[in-house]
Enquirer: 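I am attaching a structure below and will ask some questions about it afterwards.
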Number of protein chains: 2
Amino acid sequence: MASRAKATILDIAREAGVSKSTVSLVLQGSGLIRPETAVKVRKAIEDVGYVYNRGAANLRKAHSNVIGMVINDLTNPFFAELAVGMERVFQAAGVVPFIANTAENPVRQEEVLKSLMEQGVAGLIVSPARGTTPGTFRRIETAGVPIVFTMRRLPDSRIPVIAPDNRRGAVLAAEHLIRKGHRRLAFFGGSSDLVVYQERLGGFLEACETLGIPASDRLIVEGETSRKGGMACLETALAVPQPPTAALCFNDAVAFGVMLALRKRGLEAGADFAVVGFDDVAEAEHYSPALTSVAVDTAGLGERAAHVMLKMIQSRTTRAENHIGAVSLVVRESSGPDRNSQAGDAA
Amino acid sequence: MASRAKATILDIAREAGVSKSTVSLVLQGSGLIRPETAVKVRKAIEDVGYVYNRGAANLRKAHSNVIGMVINDLTNPFFAELAVGMERVFQAAGVVPFIANTAENPVRQEEVLKSLMEQGVAGLIVSPARGTTPGTFRRIETAGVPIVFTMRRLPDSRIPVIAPDNRRGAVLAAEHLIRKGHRRLAFFGGSSDLVVYQERLGGFLEACETLGIPASDRLIVEGETSRKGGMACLETALAVPQPPTAALCFNDAVAFGVMLALRKRGLEAGADFAVVGFDDVAEAEHYSPALTSVAVDTAGLGERAAHVMLKMIQSRTTRAENHIGAVSLVVRESSGPDRNSQAGDAA
DNA sequence: TTGATTTATTGGAACGTTCCATTTATAGCG
DNA sequence: CGCTATAAATGGAACGTTCCAATAAATCAA
């Protein structure tokens, strides 16, 4: 069934009665060839079932149109939303992004990057896995392939980053909770080896500081950034002597976990314990009660990252400005006032 | 900054004082070279920051190790789970799968497939977009590139399919609802241009037939296969004169939508209206109430698809057997007995 | 010692494309 | 008609690898 010996540009040339150079020009849409010739060639291409060999082409022009997107957790819907934003931009530019998952595993990440580089990608958009070693991207940089980080950054790297204003988002969220009358606050999920974590936690602490929540009334529980992690955080928090009445969660997945754990205990998020998430994934507004969350304009960040990448490729540079996206707090049902306080500004 | 003129095998040869052939052999891990030579070469590779050019290599050996995974909806967590299963297998085989999203758009799908083919993929795992034209995969087949379909199939295609036993799953689910005492049943979501839909609906109707639910007591509401679609389905269903008391949903996303719409109306899934989903995504057990769903062993199907693909590549064939995965019904809280009936077998 | 065998290494052709420098055909002009 | 200018098409070298056939070096048998 499968036709033997895949057709090349030469087969087409023979079929169409022209030279291989002519076929090449047609393939590139050059205006130099006579329209009738082009038609003849295109017909031949169709007839022989020709598949363009980009590897061979790249040998000469070193200018592939594939962009690799390396993400640390495909199962987090957040990244799907990010990818959708990027794809919108890339599609318009005639570029196909290939997505590869590292599953938060630095070893896998090395393999994936190696493979992508071998394919001759034009650029890389990366959300680095936890525990990525500093040297990982050095070779790629020196090879002159543009990289942009999204969402996560590496401690001391010069690689441009597209990310939301994590600190500001956390400040907004914490202020909101405090204004609702909460006086014992928790920060749930994440771990300190992530720069993002430090930023979000930093914003949380800053707001506590500013609005006079003493350190003794703050509870920080590290944990997996997943539903499961969130459930565990809540259990831990409710076990302490003076448990918090509200929590800012590292991301929405953690927040969902907290809400589920609350429900399991017969408590309701919002009424009995205030929960705020981070990222504002699509599910947030559909959950019940709907989740208050820090909206980071995920798809917008994706678009931005794609644009920056395109620009870098075009100007063949490996440098670009960082971009910190604006954030906003979307207040929904999960963050009600502290029931034991009369200070809630929502009445 | 970026080092000029990327290093080739010849640069390494010069650096190490051997021939390019020797370098090539080292790269391929041939046992023919003296260990000390190999060490010397590997050091040179490290020193010059060499990146293997797979395109050039494929020119000779036409044997790439990349596999394309083309999926129709990256935002459906189901596909992430499927991908995770595949990755497990591919990782062990030293293969890197590249994922590309078609967003249910046949035109985008053509672009994505073209790009993947040009990269010289060794095989393609595809969940075809809705409205895929029959000819789409013909060229790829004749090019001798193995394809397997997952989850979805095309009406008259010879391409092997890895999918769950949709009909059986729907039968199990419908029987469950009928045994719970429900007598007016609905099937929510999906549309008839999908083979999967026909199978799932077919199973539903078969069970109704067998257990004596007359056609007049069955309600079929087509709709988007998303949360939004599910919410719409419920609204439609509750508006008819004799509304159903239970629904089998095309997939879990639809089921979640139905549950959210119920809650908005002050009704509770399980107690007031029975809901059964399909796919049993991870969220199903975390929702509240937990969703009864047809478990299809998503990751297992992914693994199976990856294995079949590997086998096809190895035996250079473009044919393989279909594989229909076993399914089971996972009963949780969302499918309580009909409250107006005393026939429920659970009480 | 000589020839045969084994072990390591190597040069060169080939893979399918692009692109430059040419060639060939067509048109324009005096 | 010859000359140049323009348009269209072409041959060949180059890209970075693999692999075959060939060589060189080391070992062995007689």
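Keep in mind that this is a model prediction, so the values were computed, not measured.
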Enquirer: Take atom CZ of B:Arg14 and atom C1' of D:dG16, then tell me their distance rounded to the nearest Å.
Expert: 13 Å
Enquirer: Could you please name the option among C:dG16, D:dA9, D:dG16 that lies closest to any side-chain atom of A:Thr8?
Expert: C:dG16
Enquirer: Let's test your reading of the model: under 3.5 Å, does the base of D:dG12 pair with the side chain of A:Lys20 as donor and acceptor?
Expert: yes
Enquirer: Base, sugar-phosphate, or nothing for A:Leu27, non-hydrogen atoms under 4.0 angstrom?
Expert: nothing
Enquirer: Could you state the atom-to-atom distance from CZ of B:Arg54 to C1' of C:dG16 in whole Å?
Expert: 18 Å
Enquirer: Would you kindly say whether B:Thr136 and B:Gln109 are connected by a side-chain donor-acceptor distance under 3.5 Å?
Expert: no
Enquirer: Would the base of D:dG11 count as contacting A:Ser19 through its side chain, where contact means a donor and an acceptor less than 3.5 Å apart?
Expert: no
Enquirer: Counting just side-chain N and O atoms, does B:Ser24 come under 4.0 Å of either OP1 or OP2 of D:dT17?
Expert: no
Enquirer: Taking atom C1' of D:dA7 as reference, at what distance in whole Å does atom CG of A:Leu25 sit?
Expert: 13 Å
Enquirer: A:Tyr52 side chain: which of D:dA9, C:dT17, C:dC15 is closest?
Expert: C:dT17
Enquirer: Under a 4.0 Å threshold between the charged nitrogen and the carboxylate oxygen, would B:Lys43 count as salt-bridged to B:Glu46?
Expert: no
Enquirer: Measure the distance from CD on A:Gln119 to C1' on D:dG16 and round it to the nearest whole Å.
Expert: 15 Å
Enquirer: Can you tell me how far C1' of C:dT6 sits from CD1 of B:Ile33, to the nearest Å?
Expert: 16 Å
Enquirer: Separation of A:Leu59 atom CG from D:dA13 atom P, in whole Å?
Expert: 17 Å
Enquirer: Among the nucleotides D:dC19, D:dG16, C:dT17, which one has an atom lying closest to any side-chain atom of B:Ser21?
Expert: D:dC19
Enquirer: Can you find a donor-acceptor N/O pair under 3.5 angstrom joining the side chain of A:Arg60 to the base of C:dT17?
Expert: no
Enquirer: Does C:dA8 have OP1 or OP2 under 4.0 Å away from a side-chain N or O of B:Thr22?
Expert: no
Enquirer: So does B:Gln28 get a side-chain nitrogen or oxygen closer than 4.0 Å to the phosphate oxygens (OP1/OP2) of D:dT17?
Expert: no
Enquirer: If you check the B:Lys61 side chain, which of D:dT17, D:dC19, C:dT10 turns out closest?
Expert: D:dC19
Enquirer: Are any non-hydrogen side-chain atoms of B:Glu87 and B:Ile99 less than 4.5 angstrom apart?
Expert: yes
Enquirer: Under 30°, 30 to 60°, or over 60°: which ring-plane class applies to A:Phe149 and A:Phe137, parallel, tilted or perpendicular?
Expert: perpendicular
Enquirer: Determine whether the side chains of B:Gln28 and B:Ser24 contain a donor N or O and an acceptor N or O closer than 3.5 Å.
Expert: yes
Enquirer: Output the rounded distance in Å from CD1 (B:Ile9) to P (D:dC15).
Expert: 14 Å
Enquirer: Tell me whether the OP1 or OP2 atom of D:dA9 has a side-chain N or O from A:Arg34 closer than 4.0 Å.
Expert: yes
Enquirer: How many whole angstroms separate atom CG of B:Leu32 from atom C1' of D:dA25?
Expert: 15 Å
